[in-house]
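One structure is given below, encoded as structure tokens.
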There are 2 protein chains.
Amino acid sequence: MSRKEIQEQRIRNYFIDATREILKSEGLKGVNVRAVSERAGYSYATLYNYFKDIKDLVFICVRGFQEECEQYIESQTAACVPGKSKIKAIYRAYISYFVQYPGIFELFFLEQMNSIGGKQPTSELIYSFPDRLSEKEFMYCEENLIFTRAETEILKSDLKLAITGLLLFYLHRQQPTSFAAFNEAVGSILDRHLPD
Amino acid sequence: MSRKEIQEQRIRNYFIDATREILKSEGLKGVNVRAVSERAGYSYATLYNYFKDIKDLVFICVRGFQEECEQYIESQTAACVPGKSKIKAIYRAYISYFVQYPGIFELFFLEQMNSIGGKQPTSELIYSFPDRLSEKEFMYCEENLIFTRAETEILKSDLKLAITGLLLFYLHRQQPTSFAAFNEAVGSILDRHLPD
DNA sequence: TTAATAAAATTAACAATGTTAAATATTTTA
DNA sequence: TAAAATATTTAACATTGTTAATTTTATTAA
């Protein structure tokens with residue numbers, strides 16, 4: 001990277017960080033051109049020197065949040081024994097990340113992707129994210145003949161759909177109405193799909 | 001209802017119908033105060049004499065779409081033999097309704113419910129909708145000892161979550177990318193949960 | 001080093017949308 | 001039919017996204 005590119009990327013990061021902070025605290029409803037730019041320390045129009053539009057900026061945050069989520073999961077599951085119980089722990093941590101930051105769930109799953117340009121890559125990135133998180137452990141299970149290849153594929157798909165649905169209803173529609181009931185539903189799904 | 005109330009409800013319905021039409025054709029992005037009012041044949045400010053705000057109006061449409069969806073499902077499944085195969089047909093028709101009207105899926109599952117007033121009832125209405133649709137057939141299965149009560153409860157919950165998740169990814173993130181692959185995923189879920 | 005040029009940032013302005021207030025038109029009632 | 005109540009519309013304002021014109025800052029060539 002040239003000197004100019006480094007400086008340019010630095011300023012881009014000011015805007016990205018500002019957007020991340022707002023997404024984590026207030027969610028998407030708090031993100032707008034003026035709020036982001038002010039937090040980044042620039043005028044609202046400056047944003048357009050570095051990003052196509054505000055949606056562009058918002059979706060750039062996806063990858064960063066995925067990395068953060070991945071690190072959080074690793075910190076939460078480092079001590080688990082490999083195999084089924086670790087897979088369960090990974091999904092539990094994944095869920096707990098989104099419960100902690102509902103705005104990030106909203107961004108990942110609910111926000112419209114109108115920008116025709118970088119649309120498919122981000123979609124694919126989000127869709128395959130849970131699979132990537134549990135990839136290593138499922139491979140371990142296959143190697144140790146705990147699951148077949150076909151079982152693994154079905155399990156990954158089922159868990160992704162069930163957990164996304166569960167989070168959607170809980171975070172967006174407050175169904176179930178209590179956190180306790182939500183947790184029970186999570187436990188039921190994980191235990192039935194991954195019995196000890 | 002008094003004469004005045006009848007006339008008032010009639011005008012409310014003009015706005016509701018206008019909103020329904022826009023939701024079905026253009027989706028939520030096409031719904032705004034001026035577009036709805038113009039289609040209803042009134043000035044934009046008149047809307048506020050009949051509805052608290054535009055979100056109020058939009059969520060009033062939920063019940064109507066549920067009725068329409070219910071009728072569509074009935075027309076599609078009237079000839080099915082009762083039991084498991086009819087349950088599958090019901091969920092297939094349910095899915096096909098939302099594939100036909102992605103804007104209605106968006107309204108049901110993705111739209112924010114900020115109006116603090118009538119919020120919980122609508123959430124509950126949406127959450128329990130798939131259960132209500134299949135209620136009769138699941139009762140038939142219980143009576144004929146095809147499923148136990150506990151199995152029924154788990155099945156209803158699993159199907160609701162899996163199908164909502166599937167529709168979310170397909171309609172909102174275009175994952176899977178082809179309709180054929182989506183249909184295959186639907187078939188896989190239904191056949192595994194409700195084997196012949 | 002400084003004047004000319006290029007680049008970056010800001011302010012002004014406009015469009016779209018939601019909403020409210022003031023003004024106008026219509027209907028009801030005495 | 002005139003006064004009062006009701007309904008509707010136009011005007012106006014706030015918010016947000018975006019672009020254009022202007023100003024400020026940085027770079028470069030003499």
Side-chain angles (χ1 to χ4, degrees), chain A residues 1-19 21-23 26-61 103 106-107 111-119, chain B residues 1-19 21-23 25-61 103 106-107 111-118:
Chain A
M1 270 210 292
S2 72
R3 220 175 320 182
K4 181 162 296 180
E5 282 170 331
I6 289 170
Q7 292 173 354
E8 208 170 294
Q9 187 56 50
R10 204 169 274 151
I11 294 176
R12 286 172 64 86
N13 283 340
Y14 298 147
F15 283 96
I16 292 169
D17 289 343
T19 308
E21 286 166 26
I22 296 174
L23 280 169
E26 300 166 60
L28 270 165
K29 69 185 182 309
V31 174
N32 67 66
V33 181
R34 283 162 178 82
V36 167
S37 302
E38 174 154 13
R39 198 180 276 244
Y42 289 92
S43 157
Y44 48 87
T46 307
L47 189 148
Y48 292 94
N49 291 341
Y50 296 92
F51 303 93
K52 192 179 130 286
D53 56 29
I54 184 74
K55 288 196 174 278
D56 185 19
L57 178 50
V58 162
F59 279 110
I60 285 171
C61 294
E106 211 185 341
L107 165 61
E111 180 63 348
Q112 208 102 34
M113 298 187 169
N114 281 328
S115 45
I116 308 141
K119 179 172 156 190
Chain B
M1 271 210 294
S2 72
R3 222 176 317 183
K4 180 163 296 179
E5 283 171 330
I6 289 171
Q7 293 174 353
E8 208 170 294
Q9 188 55 50
R10 204 169 273 152
I11 294 176
R12 286 173 63 88
N13 283 340
Y14 297 148
F15 284 96
I16 292 169
D17 289 343
T19 308
E21 284 166 27
I22 296 174
L23 280 170
S25 54
E26 301 166 58
L28 270 166
K29 69 186 182 309
V31 174
N32 66 66
V33 180
R34 283 163 177 80
V36 167
S37 302
E38 174 154 13
R39 199 180 276 245
Y42 289 93
S43 158
Y44 49 86
T46 307
L47 188 148
Y48 292 94
N49 291 341
Y50 296 93
F51 304 93
K52 188 179 134 287
D53 56 30
I54 184 74
K55 288 197 174 276
D56 184 19
L57 178 49
V58 162
F59 279 110
I60 285 171
C61 294
E106 211 185 339
L107 165 61
E111 180 64 349
Q112 208 105 33
M113 298 187 167
N114 281 328
S115 45
I116 309 140

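The chains referred to below are lettered A, B, ... by the order of the sequence lines, with proteins before strands, and numbering in each begins at 1.
- Annotation: of the two residues near DNA chain C, A/Y44 and B/A45, the 5′-most nearest-nucleotide partner is A/Y44.
- In this structure, B/N32 reaches the sugar-phosphate backbone alone: every heavy-atom distance under 4.0 Å involves primed, P, OP1 or OP2 atoms, never a base.
- Across the protein-nucleic acid pair, B/K52 atom NZ and C/dT19 atom P stand 8 Å apart, rounded to whole Å.
- Rounded to whole Å, the distance from NZ on A/K55 to C1' on D/dT18 is 14 Å.
- Distance, A/L28 CG to D/dT15 C1': 17 Å, rounded to whole Å.
- Taking the six-membered ring where the residue is Trp, the centroids of B/F15 and B/Y42 are separated by under 6.0 Å.
- Atom pair A/L57:CG and D/dG17:C1' shows a separation of 13 Å (rounding to whole Å applied).
- Backbone-only contact: B/Y50 has heavy atoms under 4.0 Å from sugar-phosphate atoms and none from a base.
- In this structure, A/S43 and A/S37 approach most closely via the heavy-atom pair O-CB, 3.5 Å.
- Atom CG of A/N49 and atom C1' of D/dT25 are 14 Å apart (whole Å).
- Across all strands shown, B/Y42 has heavy atoms under 4.0 Å from sugar-phosphate atoms exclusively, and none from any base.
- Within 6.0 Å of the CD atom in A/E38, the count of heavy atoms belonging to other residues, nucleotides or ligands does not exceed 12.
- Dashed line: the shortest gap from a side-chain N or O of A/S43 to OP1 or OP2 of C/dA9 is not under 4.0 Å.
- Residue-level contact check: A/I11 touches the backbone only, with heavy atoms under 4.0 Å from sugar-phosphate atoms and none from bases.
- One interatomic measurement links the two molecules: CG of A/L47 to P of C/dT11, which rounds to 15 Å at whole-angstrom precision.
- Between the P atom of D/dA7 and the CD atom of B/E8 lies a distance of 7 Å, rounded to the nearest Å.
- For A/K29 and A/E106, the salt-bridge test fails: no basic side-chain N is under 4.0 Å from an acidic carboxylate O.
- Between B/K29 atom NZ and C/dA16 atom P the separation is 17 Å, expressed in whole Å.
- The side-chain heavy atoms of B/Y44 and B/V36, taken from C-beta on, include no pair separated by under 4.5 Å.
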